[in-house]
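Note sheet for the following structure.
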Amino acid sequence: MSNFRDAQRRAHPSKTNTLSLAVICVLVLVLVMQIWLLTAGLNESLDGNNAVKWPAFWTSVALFLSGAALLRYLPDPVRYPVRAPARETFRDAPLAWRTLAISTVSLALAFAVWFMWSAIPLRLNQAGFDFSRQQLFWLTATPVLLGSFLRIPYGLIVSRFGSRRSFAAVTLVLILPCLGTGFAVMNPATPYWVLWLCSALTGIAGANFATSMGVVNLWFPKQAQGTALGINGLGNLGVTIAQFTIPAVIGISVFGALRASGPTVPSLHLENAAFVWIPFILICTGLIWFWTRDYKTEPKSFASQLVAGKRLHTWVLSLLYFLTFGCFVAMGASLPLIIHSVFSAAPGGAPNPLVYAPLAVGVATIARPIGGWLADKVGAGFITTIAISAMALGGFSLSAFLEPDQFRGFFGVILVICAASGLGNGSVFKIIPQVLPKEAGAAIGIVSCLGALGGFAPPLLLGWTMDHFGSPALAYMAMAVFALLCLLGNGWVYHRRSSPSHC
């Protein structure tokens, strides 16, 4: 191979261009064949013919590996000398690490509040409500919507009003959705639109992510931002905390006196799923107010920060985060309902969705700081490429594990996708302050806004495919194709060595 590389470097540029064009054409042909094979296999599986799905799957894998091998024959990119960035001084390190610790705990609480509506819908009908599957999916997806749009202003207020005041305020207002949800789910006669409004109000908890990341970004130098933002991303464990805590507390009568009197005492106390977080909200607000302080910087106007919306990098990173974080949100919000719907007839009984779903979210959360750390060490563009490639391959593979007796294979692929999603979340957030250092706060708000919107569409798409086709296979295929598009975007802008924004 070394002799080939030497000859390639000495070859005339026209010959090198011809070789590049030939390799690209073959790669396009391989991709077309993969899509055809997977589409044909999916159609046959939906028609009840399962004999072709495994041959189609392994043939597709062989084509993928052959395409990857062909990449070795592409000419080496033109390498420009890279100037090593100067290391910034790390002032107030003890306070920075303390702020990071408090921010991580507070963000975990915010995610627990945000995702309480991923666990509550599973028990609504058992508590006396009567909603369709599509209505339950809407209750699950709606908090993501408001939480997404509020991330833009929540990202801007840090530079405008100060880190301590901003973060304390957005943490304290989490009491509102907890109170509203708790009182709404007490009475089975509560109309659907009231529950929907409560789930929408819960979205404010998801917006805390932008404020938290903006605070941490201020306190850490560039050479440590990937690691710090990744550690702060451990706040995503709040999803797992919520999905483990809520089933445990809804069987305890703590606020029974607030219920309307009736002839029978309900066995489910869904109000606990909301009220349980209120004491911790007050504690975290106090920690932020008394144990952190505002970062010393000149306040920035909203208009000066919104210039980030004009940067191409903002929208490319939004596309990448739409995939990686959207996958995380979708897994946390819709996986319990998918497990309950698809594998209800599994041999030996249906798997408990409130046991397996938190495990998947936990894997993604733990992988996030690892992704940030690896991005600091070997490059964010490279780690993002690996993460998105694994997500695409996993998305195509899920359609092969949707029979009731295939839960182990299905959940194994889900864990791979979640781990890749976590790595991608950490590496994408490493890129933001590198390519947009002056507008990092506003860019974090916009990128995290669109990333959270990536968690709104999949639950609805999954619910629609389940209602119309009885299987989520088409939804998983669509997500995998979108991952391939993101892979091309990241490869061209951030992974390509000759790119001005290579990182």
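The figures here come from the full heavy-atom set of this structure, side chains too, leaving out hydrogens, waters and symmetry mates.
- Side chain of T190 to main chain of M186: no donor-acceptor pair is present (N/O by atom type, distance under 3.5 Å, no hydrogens or angles).
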L218 and T99: side-chain contact (heavy atoms from CB on, under 4.5 Å), yes or no, with the steps? CA-CA 11 Å; L218 285 175; T99 301; over 6 Å; no
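- For the atom pair CD1 (I432) and CE (M213), the distance works out to 8.5 Å, reported to the nearest 0.5 Å.
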For residues 162-169, please give each side-chain donor-acceptor pair under 3.5 Å, one per line with the distance, not counting sequence neighbours.
unit_1, atom_1, unit_2, atom_2, d
S163, OG, R293, O, 3.3
S163, OG, Y295, N, 3.2
R164, NH1, W289, O, 3.0
R165, NE, F161, O, 3.0
R165, NE, D294, OD2, 3.2
R165, NH2, F161, O, 2.8
S166, OG, I157, O, 3.0
S166, OG, G162, O, 2.6

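- Checked against the 6.0 Å centroid criterion, the rings of F411 and F401 do not qualify as a close aromatic pair.
- Close placement of the F482 and F322 rings is indicated, their centers lying within 6.0 Å of each other.
- Taking OG from S399 and CE from M477, the interatomic distance works out to 5.5 Å, rounded to the nearest 0.5 Å.
- Taken to the nearest 0.5 Å, the CD1 atom of I417 stands 9.0 Å off from the CG atom of L393.
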Output, in order, the C-alpha distance, side-chain angles, deciding distance and verdict of side-chain contact (heavy atoms from CB on, under 4.5 Å) for M391 and L323. CA-CA 9 Å; M391 293 177 69; L323 170 70; 3.8 Å; yes
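- The closest side-chain donor-acceptor pair between T142 and W196 falls under 3.5 angstrom.
- Going from atom CG of L319 over to atom OG1 of T314 covers 12.5 Å, rounded to the nearest 0.5 Å.
- Judged by distance alone, with hydrogens and angles left aside, the side-chain atoms of R151 form a donor-acceptor pair with the main-chain N or O of G206 at under 3.5 Å.
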Expected list for residues 353-371: side-chain donor-acceptor pairs under 3.5 angstrom, two or more places apart:
unit_1, atom_1, unit_2, atom_2, d
T365, OG1, V361, O, 2.9
R368, NH1, Y321, OH, 3.1
R368, NH2, Y321, OH, 3.1

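- Contact annotation: the side chain of L282 approaches that of I175 to within less than 4.5 Å [non-hydrogen atoms, C-beta and beyond].
- Applying the side chain to side chain donor-acceptor pair (under 3.5 Å) test to residues at least two apart or on different chains, none of the pairs has a partner in residues 273-284.
- Taking all atoms of both residues into account, the shortest heavy-atom contact from T324 to S421 is O-OG, 2.6 Å.
- Remark: the backbone N or O of A228 is not paired with any side-chain donor or acceptor of N232 at under 3.5 angstrom.
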When you look at F343 and F410, which way does the ring pair (Phe, Tyr, Trp, His ring centres under 6.0 Å) test go after all the steps? CA-CA 10 Å; F343 298 99; F410 171 83; 5.0 Å; yes
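- If you look at F183 and F275, their ring centroids are closer than 6.0 Å.
- A donor-acceptor pair under 3.5 Å is absent between the side-chain atoms of W117 and the main chain of P143, judged by distance alone.
- To the nearest 0.5 Å, atoms CG (L100) and CD1 (I231) are separated by 5.5 Å.
- Checking S106 against T171 by side-chain atom types alone, no donor-acceptor pair falls below 3.5 Å.
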Could you give me the CA-CA distance, side-chain angles and deciding distance for V113 and F280, then say whether side-chain contact (heavy atoms from CB on, under 4.5 Å) is met? CA-CA 11 Å; V113 173; F280 300 101; over 6 Å; no
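- Among residues two or more places apart in sequence or in another chain, the salt bridge (Lys or Arg N to Asp or Glu O under 4.0 Å) test is passed with R311 by E439.
- Taking the side chain as every heavy atom from C-beta outward, L237 and F111 never approach each other to under 4.5 Å.
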Side-chain donor-acceptor pairs of residues 454-465 under 3.5 Å, sequence neighbours excluded:
unit_1, atom_1, unit_2, atom_2, d
W464, NE1, H468, ND1, 3.3
W464, NE1, H468, NE2, 3.4
T465, OG1, L461, O, 3.1
T465, OG1, L462, O, 3.0

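- Screening residues 413-430 for salt bridge (charged side-chain N to carboxylate O under 4.0 Å, His left out) gives D376-K430 as the qualifying pairs, with residues at least two apart or on separate chains.
- When all heavy atoms of I102 and I288 are compared, the closest pair comes out as CG2-CG1, 3.7 Å.
- For the atom pair I120 CD1 and E271 CD, the distance stands at 10.0 Å (nearest 0.5 Å).
- Checked by atom type, the side-chain pair S427/T384 shows a donor-acceptor distance below 3.5 Å.
- Smallest separation of non-hydrogen atoms from F129 and N187: CZ-O, 3.3 Å.
- Here the side chain of N125 pairs a donor or acceptor atom with the backbone of F131 at under 3.5 angstrom.
- Using cut-offs of 30° and 60° for the angle between ring planes, the F325 and W114 rings count as parallel.
- A 6.0 Å sphere centred on OH of Y192 holds more than 12 heavy atoms belonging to other residues, nucleotides or ligands.
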